[in-house]
Structures are given as structure tokens and as C-alpha cells.
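Everything on this sheet refers to the single structure shown next.
The sequence lines fix the lettering, A, B, ..., with proteins before strands; numbering per chain opens at 1. Heavy atoms only: backbone and side chains are in, while hydrogens, waters and symmetry mates are out.
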Amino acid sequence: MRRRDPCAGCWLGRADEPCARGRGTLEPHVRTARLGGLHQGQGRRGRPGVPALPGRARCTGRPDHPGGRDPGGGVAHRHGRRHLGAPALGRCRPHERPHGGRHQGQSLDVQAHEDRHARRGACGTPAGEAQGGRGMMGASEKIGLDPVYAGPVDETRTAIADILAGKKTGKDVVVRGWIHRTRSKGKLAFLVVRDATGTIQCTLKQGVVPDDQFTAAAAALMESSIALTGEVKEDPRAPGGFEIGAKEVQVVHAAEVFPIKEHQSTELLMDLRHLWVRSQEQRRIQRIKHHMLRAVRDWFHANGFTEVTPSVITTNAAEGGSDVFKFDYFGQEAYLSQTAQMYLEALIFAHEKVYSLTPSFRAEKSRTLRHLTEFNHLEAEMAWMGSEDNMKVQESLITYTAHTVARTCHEELTVLGRDPEDLLAIKAPFERLPYNDAVTFLNDNGFPDFKWGEDFGAPHERKLVEGRTQPVFITNFPKKIKAFYMKEDPDDARVVLCNDCLAPEGYGEIVGASEREVDIDEIVRKLKEEGATLANYEWYLDLRRYGSVRHSGFGLGLERLLLWFTKQEHVRDMTPFPRTTNRAYP
RNA sequence: GCCGGUGUAGCUCAGUAGGUAGAGCACUCGGCUGUUAACCGAGCGGUCGCAGGUUCGAGCCCUGCCGCCGGCGCCA
């Protein structure tokens with residue numbers, strides 16, 4: 001209950017100075033001062049959402065891939081087409097859009113997507129999209145929806161972000177939101193109101209606002225919902241530089257005493273998670289996650305992947321004996337899925353390149369900053385691809401996602417303590433460090449006793465990424481410490497063709513990947529070695545009976561990626577309702 | 001699972017050598033027409049995690065249990 005660590009629960013802490021107890025970056029309204037100029041996605045560099053990413057302007061080859069073209073990349077297969085290898089990735093031809101049906105040989109069109117989003121100022125400031133305002137209508141037109149679906153038909157209110165951007169100065173507006181804070185000075189009251197786009201101070205003067213409304217509003221407690229009309233004024237005394245001089249105020253719902261105040265313990269915030277999600281910190285993280293998800297889907301779509309939806313109820317206990325959540329499924333034993341991998345392997349025979357985003361469940365009683373019992377697992381599987389191609393996919397995906405998030409969520413990242421430049425600097429290719437070399441490195445750098453064949457522990461992992469600013473692939477681990485489905489390295493029978501991806505700055509493993517064993521006899525042999533019940537794997541073995549092909553895939557922990565991107569401390573804050581070993585409520 | 005830390009008011013914490021419980025915030029009432037986590041005055045507020053033990057006397061010392069936090073292992 002007591003926290004020695006920083007005050008993560010500072011609801012009202014200040015922005016500019018650390019909370020007396022620690023980091024205190026979660027203040028709400030003080031932020032508005034900073035938001036003022038940035039809220040429209042203008043970023044620091046002035047132009048809306050188009051940061052000066054080196055190599056961004058040109059559109060010739062992948063700027064982050066030296067040479068733009070990798071002769072060995074792209075997997076030439078039988079029909080002479082190339083999958084997702086470097087050449088395809090390297091191209092950036094905005095006009096060559098992926099379109100229905102075909103998925104092969106498509107160029108990486110994410111640049112265009114990205115720029116389009118950036119231009120819209122979509123970013124963390126959903127002035128348009130979240131508010132159902134004009135921004136959304138713009139998007140709707142593209143998608144082909146009737147603009148009416150962008151918001152209520154009688155929508156007249158204004159997004160606070162628009163006010164803070166100076167678009168409404170001198171005009172009468174209607175604002176709806178929640179009371180973030182009240183400061184009453186007798187006949188003058190200040191209400192700080194929050195909507196999804198930002199917070200703004202509203203001044204209520206007795207005599208201007210009808211008496212009964214004034215009384216009700218001044219008495220309304222934090223988080224009461226409220227609607228008010230008034231004139232927007234630019235005023236240096238107001239946080240954020242703008243305020244609304246209220247003319248009419250309606251308390252939509254007078255809240256009870258809000259249980260979250262300033263300086264809260266982790267435990268309380270977890271108990272009150274359903275209310276804590278309203279905090280500026282949580283809002284920012286969820287916004288970044290939203291853009292991350294969008295980026296990821298854009299990338300996969302642009303590269304010819306089909307998104308599929310495997311079940312999370314399974315009878316495969318799989319995944320190297322780690323603990324599973326078991327339950328009774330109408331009389332038979334079933335499990336919550338730990339990975340969709342095997343199902344994706346089945347689906348590549350229909351789609352060749354597939355990905356899925358499903359929850360995965362791990363019943364290990366892990367007590368760390370990086371573990372959830374339920375996490376969002378982004379998994380991909382590619383037919384015809386080997387381990388090197390697999391890594392190319394991973395690094396391209398991660399790089400693109402990092403860049404997109406950096407450019408669309410500039411304000412959120414900055415407030416959370418992540419310099420967007422850190423993410424813009426992420427560059428493929430990532431270093432490939434074979435396990436053998438990693439062992440040598442460790443032996444020479446403080447771990448003389450580390451033996452070949454052991455798995456890396458946290459201290460080893462930290463040493464391996466020490467000083468790095470880029471992710472690194474550790475490849476070709478010993479067979480013994482990896483799963484049965486991984487393919488043996490033809491050049492070294494002791495290791496398998498696999499890779500982990502370690503994030504920089506000690507954020508740890510974000511991806512686990514491998515080329516899969518395709519030889520049925522080999523798989524059967526390994527399963528027997530592990531003492532597995534073969535009957536449980538019959539359907540999986542079938543995949544090696546009917547047109548087996550070389551294939552590879554990976555799994556990425558979405559919350560871990562987000563943790564790295566946002567530079568936060570704990571994965572549990574990367575998801576609105578985290579499930580940890582001792583919490584399934586709320 | 002192992003190791004360490006911690007549990008006092010609604011919340012965040014203090015509690016000095018063992019001597020009978022404090023502050024700030026929140027809330028209520030009063031004051032204030034430019035506040036910025038507003039401020040000023042008053043009020044409300046505790047079975048000191050639970051159960052034993054030592055002692056004339058325990059929030060404080062001892063034992064056990066429980067909760068929470070962190071580290072390790074395991075992984076994404």
C-alpha cells in the first residue's frame with residue numbers, strides 16, 4: 001500500500017515541478033498551459049504533425065534501410081513473386097495502394113497512410129475525431145460514411161481543444177464535460193472543465209449567470225458532468241491562455257465525492273481503476289495505444305497481411321509447459337490461449353501472410369513490472385519466409401510504429417517523459433546478435449560464469465542492451481531452451497532459427513520469433529522427447545501433411561511495446577483494466 | 001514459488017525513549033469578484049491490518065497469519 005516510489009497517483013500534481021513525493025506528472029489542468037499551443041497536433045516544430053523526420057520528405061526507398069534495397073531480401077518463391085522482403089518494403093510509392101484481393105508484391109504504402117493521418121492532426125488531440133466534429137467528418141468522407149454518424153444530429157458543442165487552439169476566440173460556445181476542479185471565490189467561481197480533448201477554465205460570475213445555476217455549479221463537486229454556454233476569451237490569467245466567460249451553466253449530474261484525490265497509492269488506484277481511467281495520465285496512454293494499434297494495422301494491411309481472429313478458447317496446452325488457465329468447457333478441459341501461433345500456422349495455407357491481435361493468458365505468478373496475466377498479443381505468421389525475413393518484418397513493423405506514434409502523439413509522449421525524437425531515431429536494420437556471440441560478450445563483460453546453454457536472466461538481458469538506443473535481435477538460441485516447434489539451424493544442430501527482440505533502455509523482450517519446423521518426423525520426435533501427448537497435436541501435425549512449406553512467425557507484447565514507447569514504469573498502466581496475479585477487479 | 005519492504009482518519013503521511021493519537025488534503029459551514037493543487041476561520045473525522053504474547057501500560061517490542069509494493073525466476 002505504501003509507495004516508496006514516485007507518486008504515481010498524483011491526481012492534481014503540478015506539471016512543472018515533481019510532486020514532493022516523486023514524479024508527479026499526472027496533473028490535469030496545469031497541463032493546459034502547455035497544451036495550449038500543442039493541442040492541435042502542432043508539435044514543437046510548428047507544422048501540424050509533420051515532424052522533420054530525417055529522410056521523411058523524400059520518398060525514395062526506405063530511409064531507414066541502408067541502400068533501400070536488399071538483394072537477398074524478399075523471398076523469392078516458386079511463382080517468382082516476392083513477399084515482404086526489403087525491396088517491397090523499401091519502396092515508398094504513395095500512389096500504389098494496396099487494393100482488394102491481391103496481397104502479393106504490394107509496396108509499403110504506410111508512408112501515405114501516415115502522412116494522411118498526420119495531416120489530419122489526428123494525433124493525441126482528437127479535436128475532430130473524438131468529438132465528432134469537423135475533423136471526423138473529414139475522415140468520414142474518405143471512408144464513405146454519412147457525416148451524421150460522426151456525432152449526434154443535434155451536435156452543437158465545441159471541443160475544448162478547438163478553443164485552446166484559438167479557433168473560437170470571441171465566439172459563444174457550448175461546452176460539455178466534467179468538472180475537473182473548482183475554485184470558488186465568493187461571487188466569482190472558476191470551474192476547470194474537461195472533455196475528451198482537453199481542459200479549460202470557465203469563469204462564473206454571480207449576476208451574469210442566473211443565481212440558481214451559479215449556486216448549483218459552484219457547489220458541484222469534482223467530476224460532476226456539466227454543460228455550459230459562454231463566450232471564449234483569450235486571457236493570460238487563465239491556464240492555457242483561454243477561458244470561457246459562462247452565461248449559462250447546467251449541472252447535468254452532481255457527482256458524489258470523488259474518491260480519487262491527489263497523492264494516491266497504487267493500491268487505491270487499482271481498486272478504483274474504473275475511475276482512474278479518467279486521469280490525464282491514463283487518457284494519454286490510451287490515446288497513444290490507439291494510435292499504436294492503428295499504425296500496426298496500417299502496416300500489416302499495407303504489406304499484404306490478412307488479419308484473422310483465432311479463438312482464445314483452446315484445448316492446446318502448448319507453449320513449453322508454462323502455466324495455463326484451465327477451465328471446464330462443458331465437461332471437457334479447456335484453456336485460455338497463451339498464443340494464437342498454431343492457429344495462425346493453419347491460416348497461412350489460406351492467406352500466406354496473416355496476423356492477429358488477441359488476448360493471451362499466462363498463469364505464471366510473475367511479480368514484475370513487465371508481466372500481465374492477460375495481455376494483448378500481436379502475432380504474425382508468414383508462409384515461405386525464413387528467419388531473416390521474419391526479422392525484417394519485425395524491424396520494419398516496429399520502426400514504422402515507433403515513428404507513427406512519435407509523430408501523432410507528440411504532446412502525450414512528451415508529457416509522459418518520452419522524447420519523441422527517441423522514437424524517431426529508431427532505425428532498421430536492428431543488430432543481429434547470435435546467442436553464441438552474446439555468451440562471449442557476457443563472459444567478457446561481468447558474467448564470466450555464464451555458460452553456453454543457459455537462458456538469459458534479467459541481469460544478462462540488461463547487460464546485453466546496456467548503452468543501446470536501438471532494439472537488438474538475439475538470434476539462434478540453444479535448442480534445449482526453446483520450444484519444440486522451432487526449426488533447427490541447418491548449420492548448427494545445437495541451436496534453432498529464432499530471435500528475440502530486446503527493446504533498448506532495459507524494457508526487455510518485446511518479441512519472440514522463430515522459423516517453424518516443417519518436418520513432421522522431427523516435430524513428432526521432439527514432442528515425444530518432451531513427453532507430450534501426441535494425440536493433442538494431431539491437428540497441428542496435419543499442417544505438415546498437406547502441402548507443408550517453410551514458414552516463420554512472431555509474437556509481440558503490445559503492452560510491452562507501449563511501455564517502452566511511453567517510457568513508463570509498469571505494464572499494468574498500459575492497459576485500462578490490468579489483470580495481474582492478484583487482481584481481476586474491477 | 002523464493003527474498004526484501006510495508007500496513008495509523010475517506011485519502012497521503014507523521015508519531016520522537018513503550019505512557020493512552022497528530023498534520024495536510026477531502027468533506028460541511030462561514031468569508032472573499034481573478035483564482036492557478038486558490039486562500040482565511042471553524043467543524044466533522046481513528047477497533048493504529050488481524051490474532052496471540054511480553055509489560056503496571058503497546059501504534060511502538062516479540063510470534064503467527066493476511067493484504068499490498070518491489071526484486072528474482074518464467075515469459076511477450
Side-chain angles (χ1 to χ4, degrees), chain A residues 1-5 7-15 17 19-21 24 26-30 32-33 180-192 201 203-208 219 221-222 235-240 243 245 256-272 319-323 338-339 341 359-379 455-459 461 481 483 500-503 507-513 554-564 569-571 580-583:
Chain A
M1 177 151 134
R2 292 269 203 270
R3 297 177 58 90
R4 331 248 82 52
D5 53 350
C7 165
C10 195
W11 180 264
L12 295 170
R14 301 184 81 101
E17 57 196 66
C19 156
R21 309 189 55 244
L26 333 184
E27 69 336 313
H29 56 288
V30 183
T32 48
H180 213 70
R181 191 69 178 164
T182 60
R183 290 185 285 271
S184 170
K185 273 191 59 74
K187 291 175 183 163
L188 172 66
F190 299 95
L191 300 188
V192 178
Q201 172 168 289
T203 56
L204 278 61
K205 292 182 179 173
Q206 201 168 41
V208 176
L221 300 180
M222 198 163 135
D235 192 320
R237 293 170 298 183
E243 65 179 21
E256 296 176 29
V257 178
F258 200 65
I260 302 179
K261 315 284 201 281
E262 50 198 299
H263 305 315
Q264 301 295 347
S265 63
T266 312
E267 187 182 7
L268 187 90
L269 294 180
M270 294 302 290
D271 286 339
L272 299 177
E319 187 87 354
S322 48
D323 296 326
Q338 297 180 297
T339 170
Q341 179 197 321
S360 276
F361 302 87
R362 302 285 164 88
E364 285 102 4
K365 292 202 169 184
S366 299
R367 271 206 63 86
T368 80
L369 300 172
R370 299 211 297 264
H371 284 84
L372 294 167
T373 51
E374 175 187 356
F375 67 97
N376 284 294
H377 210 171
L378 179 68
E379 294 174 276
D455 208 350
F456 301 130
E461 222 172 65
I481 55 174
D500 284 356
C501 180
L502 302 183
Y507 284 98
E509 185 179 343
I510 50 175
V511 173
F554 65 90
L556 179 152
L558 204 73
E559 281 78 16
R560 285 195 181 173
L561 186 67
L562 186 60
L563 185 67
W564 164 36
E569 227 183 334
H570 206 306
V571 261
T580 52
T581 54
N582 53 7
R583 183 171 295 278

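Rounded to whole Å, the distance from NZ on K185(A) to C1' on rC39(B) is 7 Å. For the pair R560(A) CZ and rA76(B) P, the interatomic distance rounds to 8 Å; values are reported in whole Å. Taking atom CD on E461(A) and atom P on rG71(B), their separation rounds to 14 Å, with Å as the unit. Rounded to whole Å, atom P of rA76(B) lies 7 Å from atom CZ of F375(A). To the nearest angstrom, C1' of rC74(B) lies 10 Å from CD of E509(A). Distance, R237(A) CZ to rU33(B) C1': 10 Å, rounded to whole Å. The distance between atom NE2 of H570(A) and atom P of rC69(B), rounded to the nearest whole Å, is 8 Å. We find that CD of E267(A) is positioned 16 Å from P of rC66(B), with the value rounded to whole Å.
Listed here is the closest heavy atom pair of Q264(A) and L269(A): CB-CD2, 3.7 Å. When all heavy atoms of E559(A) and N376(A) are compared, the closest pair comes out as OE2-ND2, 2.7 Å. The nearest pair of heavy atoms linking L268(A) to P259(A) is CD2-O, 4.1 Å. The two atoms that bring E379(A) and S360(A) nearest to each other are OE1-OG, 4.4 Å, heavy atoms only. When all heavy atoms of E364(A) and T581(A) are compared, the closest pair comes out as O-CG2, 3.8 Å. Closest of all the heavy-atom pairs between R583(A) and E267(A) is NH2-O, 4.0 Å.
The side chain of S366(A) lies closest to rC74(B), out of rG34(B), rC11(B), rC74(B). Nearest to the side-chain atoms of L372(A) among the listed nucleotides rA76(B), rC75(B), rU33(B) stands rA76(B). Minimum atom distance to the side chain of Q264(A) is reached by rU12(B), of the listed rU12(B), rU33(B), rG1(B). For L369(A), the side-chain atoms get nearest to rG71(B) when compared with the rest of rU35(B), rG71(B), rC75(B). If you check rG70(B), rC75(B), rG34(B) against the side chain of E243(A), the one that comes closest is rG34(B). In this structure, the nucleotide among rC74(B), rA76(B), rU35(B) sitting nearest to the side chain of A238(A) is rU35(B). Counting only heavy atoms from C-beta on, R370(A) has its side chain closest to rC75(B) among rG34(B), rC75(B), rG73(B).
Each of T373(A) and M270(A) lies near RNA chain B, and the nucleotide nearest M270(A) is the one positioned closer to the 5' end. Comparing A458(A) and H377(A) against RNA chain B, the residue whose closest nucleotide sits nearer the 5' end is A458(A).
No engagement by N376(A) is indicated, since no non-hydrogen atom pair under 4.0 Å with the nucleic acid exists. At the heavy-atom level, P259(A) lies nowhere under 4.0 Å from the strands shown. Across all strands, G508(A) comes closer than 4.0 Å to no nucleic acid atom at all (heavy-atom distances).
Here, rG52(B) and rC29(B) have their C1' atoms 46 Å apart, quoted to the whole Å. As rounded to the nearest Å, rC40(B) and rG24(B) have C1' atoms that lie 16 Å from one another. Across rG64(B) and rC2(B), the matching P atoms stand 14 Å from one another, rounded to whole Å. Using P as the reference atom, rU28(B) and rC69(B) are 32 Å apart when rounded to the nearest Å. Rounded to whole Å, the C1' atom of rG41(B) lies 41 Å from the corresponding atom of rG5(B). For the C1' atom pair drawn from rU35(B) and rG19(B), the interatomic distance equals 47 Å after rounding to whole Å. On the C1' atoms, rU12(B) is 11 Å away from rA26(B), given to the nearest whole Å. One C1' atom belongs to rA76(B), the other to rG7(B), and the distance between them is 33 Å to the nearest Å.
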Protein-nucleic acid N or O pairs under 3.5 Å, nucleotides 2-4 of chain B:
none

Between the protein and nucleotides 24-29 of chain B, which nitrogen or oxygen pairs are less than 3.5 angstrom apart?
residue, atom, partner, partner atom, Å
rC25(B), O2', E262(A), OE2, 3.1
rA26(B), O2', K261(A), NZ, 3.3

Could you go through nucleotides 43-46 of chain B and list every protein N or O atom that sits under 3.5 Å from one of its N or O atoms, giving the distance for each pair?
none

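Scored by the side-chain hydrogen bond (donor to acceptor under 3.5 Å, both in side chains) test, Q201(A) finds R183(A), E243(A) as partners (sequence neighbours excluded). Listed by chain and residue number, nothing satisfies the side-chain contact (heavy atoms from CB on, under 4.5 Å) test with A219(A) (two or more places apart in sequence, or in another chain). With sequence neighbours excluded, the residues satisfying side-chain contact (heavy atoms from CB on, under 4.5 Å) with K205(A) are L188(A), V208(A). R237(A) pairs by the side-chain hydrogen bond (donor to acceptor under 3.5 Å, both in side chains) definition with D235(A), not counting sequence neighbours. Residues satisfying the side-chain contact (heavy atoms from CB on, under 4.5 Å) test with E374(A), not counting sequence neighbours, are P359(A), F361(A), R579(A). With sequence neighbours left out, F190(A) forms a ring pair (Phe, Tyr, Trp, His ring centres under 6.0 Å) with no residue at all. Here T580(A) pairs with N582(A) under the side-chain hydrogen bond (donor to acceptor under 3.5 Å, both in side chains) rule; sequence neighbours left out. A search for side-chain hydrogen bond (donor to acceptor under 3.5 Å, both in side chains) contacts involving D455(A) returns nothing, not counting sequence neighbours.
For Q201(A) against rU35(B), a side-chain N or O and a base N or O form a donor-acceptor pair under 3.5 Å.
A donor-acceptor distance shorter than 3.5 angstrom exists from the side chain of T368(A) to the backbone of R370(A), with no hydrogens or angles considered. No side-chain donor-acceptor contact under 3.5 Å links R181(A) to the backbone of M222(A).
Note on S360(A): every side-chain N or O is 4.0 Å or more away from OP1 and OP2 of rA76(B). Residue H371(A) places no side-chain N or O under 4.0 Å from the OP1 or OP2 atom of rG73(B). Remark: N582(A) is in phosphate contact with rC68(B), judged by side-chain N or O atoms under 4.0 Å from OP1 or OP2.
An aromatic stacking contact between F190(A) and the base of rG34(B) is absent, as defined here by ring centres under 5.5 Å apart and ring planes under 30° from parallel.
Separating the OG1 atom in T182(A) from the CG atom in L204(A) is a distance of 10.5 Å, to the nearest 0.5 Å.
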Secondary-structure notation, RNA chain B, from Watson-Crick and G-U pairs under 3.5 angstrom (| other strand): (((((((..((((.....[..)))).(((((.......))))).....(((((..]....))))))))))))....
